[in-house]
Protein chains: 2
Amino acid sequence: MTDVATGKQRQRSFVSAQQVAALAGVSRSAVSRTFTDGASVSESTRARVMEAAEALGYHVNHLARGLIHDQSNIVSLVVTDINTPYQARMIDALTSRLQRAEKVAMVINTSGQAESVEKALRQTLQYRADATIVLSGQPAGSLIQTCLNNGQHVIMVNRDDPVPGPDTIIVTNRTAAREAFAQLQAAGCRKIAVVASEVGTASVVTREQAFVAAATEAGVAVQVMRYGPTAYASGAEIARRLLAGADRPDGAFCVTDLLACGFMDTARNSFGLSIPEDLCVIGFDDIEQAGWSSFNLTTFRQPIEQIAERIVGLLQGPPPPSTRREPIRFQAELVWRNSVRGKPV
Amino acid sequence: MTDVATGKQRQRSFVSAQQVAALAGVSRSAVSRTFTDGASVSESTRARVMEAAEALGYHVNHLARGLIHDQSNIVSLVVTDINTPYQARMIDALTSRLQRAEKVAMVINTSGQAESVEKALRQTLQYRADATIVLSGQPAGSLIQTCLNNGQHVIMVNRDDPVPGPDTIIVTNRTAAREAFAQLQAAGCRKIAVVASEVGTASVVTREQAFVAAATEAGVAVQVMRYGPTAYASGAEIARRLLAGADRPDGAFCVTDLLACGFMDTARNSFGLSIPEDLCVIGFDDIEQAGWSSFNLTTFRQPIEQIAERIVGLLQGPPPPSTRREPIRFQAELVWRNSVRGKPV
DNA sequence: GGGAAACTTGCACAGCTGTGCAAACCTGTC
DNA sequence: GACAGGTTTGCACAGCTGTGCAAGTTTCCC
């Protein structure tokens with residue numbers, strides 16, 4: 001393969017504007033202007049440049065472009081448990097919208113050991129990402145601060161660190177959890193349990209606490225059981241422990257749909273219970289599986305599409321000042337299916 | 001905030017090596033060498049540099065670094081249907097391993113309209129990604145060719161375009177599908193159906209065809225039904241159509257676990273069938289839900305972790321020559337659960 | 001035809017880094 | 001103290017782009 005412009009033997013590698021310019025017989029500036037919106041190029045040279053670019057397979061080097069503007073158009077997504085239905089949907093929604101906004105998503109997986117999280121987050125800075133979207137509970141506040149200091153736009157989802165600077169998006173976990181209690185009580189549940197995990201993710205903890213608070217206010221005692229990670233297997237294990245006892249609960253609030261799935265499956269398959277007749281269950285998140293006919297889980301829907309829309313919207317403007325801002329709230333909507341007796345109140 | 005080095009008012013923005021050098025009282029080269037493996041710096045200046053870097057919050061600019069070396073350390077993942085359990089697991093496995101290998105993953109979501117796919121793939125090139133990993137059936141071969149021409153390392157997973165150049169990874173769909181037939185036959189199924197989608201993804205098509213071929217060889221007629229996308233709802237719809245007839249099938253090979261879940265749920269909940277007594281089901285992929293006790297689905301496990309390991313391994317070396325290479329094969333292992341009568345043969 | 005106005009184009013610099021090269025420095029030996 | 005050999009350091013250039021500025025070109029109007 002020979003380089004058309006220089007005549008030298010060309011390694012398979014990226015084409016530069018220089019080479020396009022040489023082939024088109026114009027200056028490099030003309031090439032640059034052809035690919036810059038709003039720059040002044042005559043129609044004829046633009047055409048020549050485009051033809052040459054096409055022929056050589058030229059693509060503007062965004063690394064160099066990012067060097068000049070203070071904008072890389074890279075947005076980094078800091079995520080744990082990507083293989084979880086909720087997170088996967090979030091990533092799907094975000095990446096497709098980011099693309100539509102001419103940005104590109106860099107995924108930082110914080111599932112590994114904490115030390116690697118720090119290294120990964122550093123990558124965000126090293127690639128001069130314009131923004132960091134934190135979907136994970138992991139990275140410490142101090143690391144977030146570093147991002148802010150470097151002028152990054154930081155958006156945190158479902159975390160409630162009281163740091164000034166980042167935009168914060170939260171779903172009304174508290175309200176929803178209280179509503180969950182009201183529904184279970186209306187369904188006539190006498191003995192209510194809260195199914196939670198041992199992982200102290202902000203939203204999960206909030207849901208548990210708010211539910212317990214609502215129960216306490218109503219003068220009802222509830223049994224809280226936490227176990228393992230926030231996953232199907234944990235819900236199953238909790239069911240095994242909770243339902244084996246003499247006075248088993250007849251209502252359960254699972255802080256996550258995944259926990260609910262494990263809980264329901266075990267309740268039915270290992271204990272022969274019918275849902276909702278013997279046991280009412282409410283979950284949270286409205287993951288796809290909640291709608292499957294074997295679960296038919298009553299749950300709270302997180303408006304993921306709207307959240308993603310809003311996040312990408314926030315990214316359009318210039319990064320905001322580093323003052324404390326009110327969190328942006330989204331309502332979690334009750335999705336009534338068939339895992340609770342009766343009708344919603 | 002005032003810049004320690006220059007004394008000027010500093011916009012919140014990224015720190016450059018120049019500023020670190022000024023603060024540390026050394027040349028910029030010294031800073032560069034401090035952050036370059038194997039470069040020659042005395043212990044004392046390294047310490048001074050590190051201190052200054054720490055104070056200012058310096059991070060090497062990978063955009064500029066990538067400009068010099070022909071290496072950005074960016075790997076782009078081209079993916080459809082991220083919110084699907086199989087893809088989500090793949091992304092999880094890949095991103096965490098890429099991070100460990102000091103690379104970073106850029107996710108290109110090709111779920112949108114085809115036109116956006118092309119634009120998205122162009123991003124891969126514009127950011128000078130070292131490699132492109134294609135997990136999606138979407139992008140046309142010609143686009144892939146462009147990546148190759150630019151010297152990118154392209155790795156395709158579960159596609160069988162006969163293009164020379166890319167590394168190809170395939171799971172032994174054919175073998176597994178034949179084994180599926182053998183198992184259903186051994187379980188005594190008389191009337192066997194294939195549950196598939198209308199989306200012509202390579203692996204899905206291969207599984208269907210190989211199964212049918214095996215049946216034909218054995219002189220058994222099977223009924224193939226394709227419907228909609230490769231999702232739960234499609235499996236459910238196919239069950240509704242297939243099981244309503246007079247002579248309903250008593251065995252089904254679902255080309256995907258998701259289809260299988262929908263199929264099973266509908267078979268049980270809408271038609272009152274018992275699995276495996278009335279109906280044997282085999283799936284493919286071994287997604288998490290296949291192991292849930294309400295499904296207990298016999299299926300074929302794709303060795304995702306090993307595949308990811310291998311992919312990242314391929315990325316370590318220099319990009320290979322653009323000759324046709326033999327695809328790298330992985331065995332899909334039968335996972336026997338309880339959706340087929342009897343024992344595996 | 002002439003001149004003003006608008007447009008186009010090339011030059012040269014900036015943005016941030018890595019690195020070859022030569023100069024400067026240090027260490028140790030005679 | 002001189003010198004050889006090794007280590008460290010700074011200079012200057014390269015890599016690819018965007019853009020202000022001035023020069024060149026076209027357009028248009030009188």
Side-chain angles (χ1 to χ4, degrees), chain A residues 3 5-6 8 10-11 13-22 24-49 52-53 56-74 125-129 150-151, chain B residues 3 5-6 8 10-11 13-22 24-49 52-53 56-74 125-129 150-151:
Chain A
D3 191 313
T6 66
K8 286 190 305 187
R10 170 155 66 97
Q11 311 282 47
S13 79
F14 289 100
V15 179
S16 78
Q18 191 62 260
Q19 300 171 31
V20 177
V26 297
S27 81
R28 198 185 51 68
S29 310
V31 178
S32 177
R33 291 195 171 97
T34 300
F35 290 96
T36 306
D37 283 352
S40 158
V41 211
S42 75
E43 210 41 64
S44 71
T45 64
R46 150 169 274 127
R48 278 225 303 280
V49 168
L56 294 174
Y58 172 70
H59 296 268
V60 178
N61 188 333
H62 272 36
L63 302 179
R65 184 176 266 186
L67 214 52
I68 299 201
H69 308 131
D70 250 353
Q71 260 219 335
S72 60
N73 279 336
I74 296 174
L125 296 167
Q126 289 174 331
Y127 283 98
R128 299 305 192 246
N150 282 296
Chain B
D3 191 313
T6 67
K8 287 190 305 186
R10 170 155 66 96
Q11 311 282 49
S13 79
F14 288 99
V15 179
S16 78
Q18 190 63 259
Q19 300 171 32
V20 177
V26 297
S27 81
R28 198 185 50 69
S29 310
V31 177
S32 177
R33 288 195 241 269
T34 298
F35 289 96
T36 306
D37 283 353
S40 155
V41 212
S42 74
E43 209 43 61
S44 71
T45 63
R46 149 169 274 127
R48 279 226 302 281
V49 168
L56 294 174
Y58 172 70
H59 296 268
V60 178
N61 188 335
H62 272 37
L63 302 180
R65 184 178 267 186
L67 214 51
I68 298 201
H69 308 130
D70 250 354
Q71 260 220 334
S72 60
N73 279 336
I74 295 174
L125 295 167
Q126 288 174 332
Y127 283 99
R128 300 304 192 249
N150 282 295

Sugar-phosphate means primed atoms, P, OP1 and OP2; the rest is base. With that split, encode nucleotides 12-19 of chain C 5' to 3' as B, S or - using protein heavy atoms under 4.0 Å. B--BBBBB
Pair A:His59-B:Arg128, side chain to side chain contact (heavy atoms under 4.5 Å, CB included): steps then yes or no: CA-CA 9 Å; A:His59 296 268; B:Arg128 300 304 192 249; 4.0 Å; yes
Would you give the length of the straight line joining atom CZ of B:Arg65 to atom OG1 of B:Thr36, rounded to the nearest 0.5 angstrom?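 Reported value, rounded in 0.5 Å steps: 5.5 Å.
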From A:Asn150 CG over to B:Tyr58 OH, what is the distance, rounded to the nearest 0.5 angstrom?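 Between atom CG of A:Asn150 and atom OH of B:Tyr58 there are 11.5 Å.
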Show your working on side chain to side chain contact (heavy atoms under 4.5 Å, CB included) between A:Asp70 and B:Phe14 and close with a plain yes or no. CA-CA 9 Å; A:Asp70 250 353; B:Phe14 288 99; 5.5 Å; no
Please confirm whether the shortest side-chain N or O distance from [X] to OP1 or OP2 of [N] is below 4.0 Å.
X: A:Ser27; N: C:dG10; answer: yes
X: A:Ser40; N: C:dT8; answer: yes
X: B:Thr45; N: D:dT9; answer: yes

When you compare the side chain of A:Thr45 with that of A:Thr34, does any pair of heavy atoms fall below 4.5 Å?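 They are not in side-chain contact.
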